There are 2 protein chains.
Amino acid sequence: MAIRGSYAKGVARREEILESALDVIGRKGYQNASLKEIAEVVGVTPAALLHYFGSKEELFTAVLRKRDELDGLDPAFLDADGARDGFLQVIRHNTEVPGLVALFSRLSVDAADPAHPAHEYFLERSERLRATIAENFPSGPRHAPVDPETLARIIQAAADGLQLQWMIDPTVDMPGIMAALIDALQPES
Amino acid sequence: MAIRGSYAKGVARREEILESALDVIGRKGYQNASLKEIAEVVGVTPAALLHYFGSKEELFTAVLRKRDELDGLDPAFLDADGARDGFLQVIRHNTEVPGLVALFSRLSVDAADPAHPAHEYFLERSERLRATIAENFPSGPRHAPVDPETLARIIQAAADGLQLQWMIDPTVDMPGIMAALIDALQPES
DNA sequence: GTCTATACAGGGATAGAC
DNA sequence: GTCTATCCCTGTATAGAC
């Protein structure tokens with residue numbers, strides 16, 4: 001059943017808003033990305049944004065959800081053999097979308113509040129990510145065993161922490177450092 | 001030369017404001033810590049806060065600076081032998097000051113903007129921290145060498161990333177996971 | 001369903017009186 | 001050194017036009 005009429009227009013507007021939001025964040029930083037400015041880029045009023053998304057926080061959460069679908073984190077890990085390179089590829093790709101990294105990092109902090117609309121999102125996404133890592137990354141070296149769940153938390157933490165370092169100093173080599181960590185934890189794989 | 005008169009009062013007020021700010025953040029979260037509420041705790045108006053610190057961001061940056069002095073990160077690393085345990089002790093201590101962790105994480109993100117008052121602070125503090133780690137932590141295992149600078153970035157990233165995980169889920173065992181990482185990277189130390 | 005206009009509460013910041 | 005008063009901007013709720 002095809003999408004037609006005003007319904008189709010709404011869907012298009014939604015996408016347009018999500019893209020513009022990410023665009024503004026990338027250019028001006030999360031802090032200065034106001035609903036007013038995003039609305040101006042789209043060519044509507046701030047109220048129009050709130051018509052589609054209930055609040056600013058929900059809008060930004062939706063941006064993150066959308067990118068997860070597009071970039072598709074999970075497919076890269078489906079095969080255990082490509083887990084390492086797939087993971088590094090995602091990190092390398094993040095280098096090219098600073099706005100997305102800024103948004104992700106900022107919401108990671110704000111979502112600590114259980115009342116934040118992204119709270120459940122981060123809980124579920126993180127758990128899913130760690131499960132994938134635990135399944136597809138070989139466990140640690142025999143002489144210093146690290147159980148899969150701990151390994152997953154370490155890798156996730158390092159990736160998130162490196163983004164903080166990279167944001168404040170873009171010369172930081174995120175993929176290189178992550179590769180060094182993974183290889184150090186799995187010398188015989 | 002003793003501090004007297006109105007000068008002493010100003011210094012006392014400054015300290016009082018810094019403590020109240022951290023207190024409010026701990027109870028209500030960074031997001032809901034307004035100048036108005038902090039001012040109420042101190043017993044003054046928001047304008048008084050801005051008299052001592054130029055802006056809200058500078059006030060919060062000052063809180064972080066003050067805690068660095070009190071908790072004294074560096075002393076714990078002065079001896080190479082106690083580097084590991086000293087580092088873990090700091091992390092364990094952070095568990096008891098959630099407001100400070102929230103403040104640090106939030107400013108870590110905001111300070112990515114070069115115009116943010118905490119930008120230089122984070123650049124210098126991070127570099128100093130990594131230098132200390134690189135000096136006092138033995139380098140990686142022989143079969144998977146990790147140079148000291150990379151090791152320092154990994155440990156710092158993991159510590160910061162773990163704080164994000166812990167904030168959204170306080171059951172996360174930060175010290176335990178950090179210990180596992182350090183031991184895995186330095187099996188023969 | 002899509003959107004504008006309007007109004008409001010709250011935030012941080014500024015100027016000037018005391 | 002501190003407050004009052006004011007200003008502007010933010011996000012948001014509502015009403016109603018199309």
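Throughout, protein chains are lettered first and strands after them, A, B, ... in sequence-line order, and every chain is numbered starting at 1. Fair warning: this is a prediction, and the values are worked out from it, not measured in the lab.
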Checking all strands, does B:Leu35 fall into the base, sugar-phosphate, or nothing category for heavy-atom contacts under 4.0 angstrom?
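Sugar-phosphate only.
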So what does B:Ala48 hit on the nucleic acid, given a heavy-atom distance under 4.0 Å: a base, only sugar-phosphate, or nothing?
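Since only primed, P, OP1 and OP2 atoms lie under 4.0 Å of B:Ala48, the category is sugar-phosphate.
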Distance check: side-chain N/O of A:Thr45 vs OP1/OP2 of C:dT4, anything under 4.0 Å?
yes
Under 4.0 angstrom between A:Arg13 side-chain N/O and C:dC3 OP1 or OP2
yes
Donor-acceptor pair, [X] side chain versus [Y] backbone, under 3.5 Å?
X	Y	result
A:Asp169	A:Gln165	no
A:Thr132	A:Arg128	yes
A:His116	A:Asp110	no
B:Gln186	B:Pro138	yes

[X] has an atom [atom1]; how far is it from atom [atom2] of [N], in whole Å?
X	N	atom1	atom2	result
B:Leu59	C:dG11	CG	P	15 Å
B:Lys9	D:dC3	NZ	P	9 Å
B:Ile38	C:dG11	CD1	P	11 Å
B:Glu16	D:dG1	CD	P	16 Å
A:Phe60	D:dT12	CZ	C1'	15 Å
A:Lys36	D:dG11	NZ	C1'	13 Å
B:Glu40	C:dG12	CD	P	12 Å
A:His51	D:dC18	NE2	P	17 Å

Nearest-neighbour nucleotide for the A:Ala47 side chain, C:dA13, C:dA5, D:dT12 considered:
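Nearest listed nucleotide: C:dA5.
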Nucleotide nearest B:Lys56 (side chain, heavy atoms from C-beta), chosen from D:dG11, C:dG12, D:dT4
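Minimum distance to the B:Lys56 side chain belongs to C:dG12.
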Go through the structure and list residues passing ring pair (Phe, Tyr, Trp, His ring centres under 6.0 Å) with A:Phe53, not counting sequence neighbours.
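Ring pair (Phe, Tyr, Trp, His ring centres under 6.0 Å) check on A:Phe53 returns nothing, list empty.
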Test of understanding: with ring pair (Phe, Tyr, Trp, His ring centres under 6.0 Å), list the residues that count as partners of B:Phe122, not counting sequence neighbours.
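Residues passing ring pair (Phe, Tyr, Trp, His ring centres under 6.0 Å) with B:Phe122: B:Phe104.
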Hey, is B:Lys66 close enough to B:Glu69 for a salt bridge, meaning N to O under 4.0 Å?
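Salt bridge flag = no for B:Glu69 with B:Lys66.
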Tell me, which of residues 19-34 of chain A have any heavy atom that sits under 4.0 Å from an atom in DNA chain D?
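Here the set is A:Ser34.
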